[in-house]
Amino acid sequence: MQLKVYKRAEHPISRKNIDPDALKVLYRLYRAGHTAYLVGGGVRDMLLGRTPKDFDVATSARPSQIKKIFKRGCHLVGRRFRLAHVRFGRDKIIEVSTFRREPDTESGALETDGSVNDDGYIYSDNTFGTPEQDALRRDFTINSMFYNIGDFSLQDYCGGLRDLNDRVIRTIGDPQVRFREDPVRMIRAVKFCARLDFRMDAETWRGICDNCSAIANASTARVQEEIRRLLESRCALRSFELLDASGLLAELIPEIDAYLEHSFEQQVPEDVSCRLLWSLLESLDAKLDSIEDREQRRDFALEVLTLPLVIEAGLLRSGEHSEAIREAVNTMGNRLGFSKGLRAELLQTYAVLGHICKGGSRNENQLMGKALFARAFTLYTMLADAGTVAGDALEKWQQKWETYLSKQGGLGKPSSRQGAVKRCRSRRTGRRKSSEVSDVARRGA
């Protein structure tokens, strides 16, 4: 594809919207004689009028040269591809990478060339190249545009600005090949489609549906991190709809996929409408803004995702189901990398939730005095929104909780509900086949 250069007057990116420390990195590289571009999501978000989460830099300088320029403020990281982390203060990092090119599949030299296995998966990627080569090997067109600090122009090798204006997610190159090279790109495609409210290009969608099983080649840690990002993105509902429609959900979290099958086949008594998971994810998206700490948001999101399995294991039924519930938590913990502490917290929270759902205990004040009651009560309101527990029972607990808090001197407050108790619209009328280009992926903004 031919390079298109948009002069400063032809695009909305301004230096005043770029992080000052990112500007320092760009200028130091540029003044040292190297090409230096702002790249990736930061450029994309500024073009969309959003505030970028990160500002990444790509340069012609090799890792060792970057290290020489920034000295002790720079640390080289990564084995698959060497990156430079330029640190500002204790917690702030600007990531700097050397321009890459497609790996030389006939070479095994790990420090200058890449290596690809028989399935097309790239496991070493230290292949340095030109800005054009770097753009052509990025994942999606909307992430391939560069902001040149030298003349403040926007450089577009892959039609990224066109796709950004058309609100479409499209791979660079053949999606069948690109997803086999790095299967995590399939999860990222879902994330961008959901988070930006874009539609999926038909060939890109087909590439995901055809290559779901390739996700087994990806690093477990990377997959777990991308799933957590989906959950905390405030668009978990649509993300999981897309995962389900494409067939990726069955490969990523087969336990959740199995739950949906059981629910659809009316094997989960508490989920007669087959929509519990979708309602919980919708509530999760609405409630995350009220949780300031990122780790707490992540833990809560994982707790919500695990809840349907715990309910299926018998949380709301009379009788002893503690072992089945523990097994459900451990299964999801093994799948998604829960810490030992998080597993213990989830079991305690679900135990409190079980007491709430079953009408409490003889000493309700003691129950409400537990440290995890507020967390469990939030889950209870979400179950009420889903129609799994009765609305009148929720109102009674709400009154009890408010009374308890007032007697405690007003410390804390009950978890707010997102509107009145309502029965959320159905999110699942049947299991979708992974081979079809689903409307849920193709729908526009």
Side-chain angles (χ1 to χ4, degrees), residues 140 167-170 175 179 183-212 215 223 226-265 268 271 273-288 301-302 304-309 311-312 332 335-336 382 385-388 418 422-445:
F140 307 106
R167 304 179 69 82
V168 62
I169 304 298
R170 189 193 314 274
F179 290 143
V184 173
R185 286 174 180 152
M186 293 185 286
I187 309 177
R188 286 170 55 80
V190 166
K191 176 178 68 177
F192 292 131
C193 191
R195 192 173 78 189
L196 301 176
D197 197 21
F198 280 19
R199 61 186 175 87
M200 195 87 74
D201 164 66
E203 290 301 315
T204 300
W205 178 252
R206 190 168 294 113
I208 295 175
C209 296
D210 291 347
N211 291 280
C212 290
I215 200 68
V223 169
E226 288 296 336
I227 292 173
R228 291 188 180 101
R229 288 179 179 178
L230 291 182
L231 288 168
E232 67 176 348
S233 64
R234 298 171 181 79
C235 56
L237 173 60
R238 191 175 182 216
S239 296
F240 274 74
E241 287 178 332
L242 292 169
L243 291 178
D244 181 38
S246 66
L248 257 178
L249 184 61
E251 301 292 337
L252 290 169
I253 318 176
E255 296 80 11
I256 293 294
D257 183 74
Y259 170 84
L260 290 173
E261 287 289 354
H262 299 160
S263 173
F264 180 65
E265 294 169 0
V268 184
D271 192 6
S273 299
C274 312
R275 63 194 182 191
L276 176 59
L277 174 68
W278 310 119
S279 178
L280 289 173
L281 291 175
E282 186 174 37
S283 294
L284 173 66
D285 290 339
K287 291 181 183 296
L288 281 181
L302 293 170
V304 170
L305 183 63
T306 306
L307 183 55
L309 301 188
I311 288 177
E312 184 180 19
M332 284 291 281
R335 180 71 61 187
L336 299 179
M382 295 167 76
D385 287 339
T388 301
Q418 303 298 322
K422 61 182 181 300
R423 299 182 67 83
C424 299
R425 62 185 181 278
S426 176
R427 288 288 177 180
R428 191 181 190 84
T429 56
R431 299 307 307 271
R432 306 176 180 93
K433 295 181 179 179
S434 62
S435 59
E436 64 187 15
V437 181
S438 171
D439 288 341
V440 75
R442 297 291 308 281
R443 72 175 185 240

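Remember, predicted model here, so these are calculated numbers, not experimental data.
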SG-CG distance between Cys274 and Leu260, expressed to the nearest 0.5 angstrom: 9.5 Å
From CG (Leu305) to CZ (Arg335), nearest 0.5 Å: 12.0 Å
Do you know which two heavy atoms are closest between Met332 and Leu309, and how far apart they sit? CG-CD1, 3.3 Å
Carboxylate-amine/guanidinium proximity below 4.0 Å for Asp197 and Arg238: yes
Just so I know, are the side chains of Cys193 and Leu242 near enough to count as touching, which here means a heavy-atom distance under 4.5 Å? yes
Please lay out, stage by stage, how Ile208 and Arg185 fare under the test side chain to side chain contact (heavy atoms under 4.5 Å, CB included). CA-CA 9 Å; Ile208 295 175; Arg185 286 174 180 152; over 6 Å; no
If you compare all heavy atoms of Pro308 against all heavy atoms of Leu277, which two are closest, and at what distance to 0.1 Å? CG-CD1, 4.0 Å
salt_bridge(Glu203, Arg206) N-O dist < 4.0 Å: yes
Taking the side chain from Asp271 and the backbone from Arg275, do they hold a donor-acceptor pair closer than 3.5 Å? yes
Nearest heavy-atom pair of Leu237 and Glu282: which atoms, and what distance? CD2-CB, 4.0 Å
Shortest non-hydrogen pair, Ala386 vs Leu276, comes out as CB-CD1, 3.8 Å
Can you name the nearest heavy-atom pair linking Met200 to Val168, along with the distance? C-CG2, 4.3 Å
Run the side chain to side chain contact (heavy atoms under 4.5 Å, CB included) check on Arg167 and Arg199 step by step: do they pass? CA-CA 6 Å; Arg167 304 179 69 82; Arg199 61 186 175 87; 5.8 Å; no
Quick one: pull up OG in Ser233 and CG in Asp285 and give me the separation to the nearest 0.5 Å. 6.5 Å
Test item: Asp210 and Phe179 side chains (from C-beta on) under 4.5 Å apart, heavy atoms: no
If you round to the nearest 0.5 Å, how far is CG of Leu231 from CG of Leu336? 7.5 Å
May I ask you to decide if Tyr259's main-chain N or O and Ser263's side chain share a donor-acceptor pair within less than 3.5 Å? no
Can you tell me how far CG of Leu243 sits from CD1 of Ile187, rounded to the nearest 0.5 angstrom? 7.5 Å
Contact between Ile169 and Val190 at the side-chain level, heavy atoms closer than 4.5 Å - yes or no? no
Chi angles and distances behind the side chain to side chain contact (heavy atoms under 4.5 Å, CB included) call for Leu252, Glu226: CA-CA 11 Å; Leu252 290 169; Glu226 288 296 336; over 6 Å; no
State, to 0.1 Å, how close Ser239 and Leu230 come at their nearest heavy-atom pair, and which atoms those are. OG-CD2, 3.8 Å
Backbone N/O of Phe240 and side chain of Asp244: donor-acceptor pair under 3.5 Å: no
Arg195: what forms a salt bridge (Lys or Arg N to Asp or Glu O under 4.0 Å) with it, not counting sequence neighbours? none
As an exercise, state the distance from OG1 of Thr388 to CG of Leu280, rounded to the nearest 0.5 Å. 7.0 Å
Is the ring pair Phe140/Phe192 parallel, tilted or perpendicular, if the boundaries are 30 and 60 degrees? perpendicular
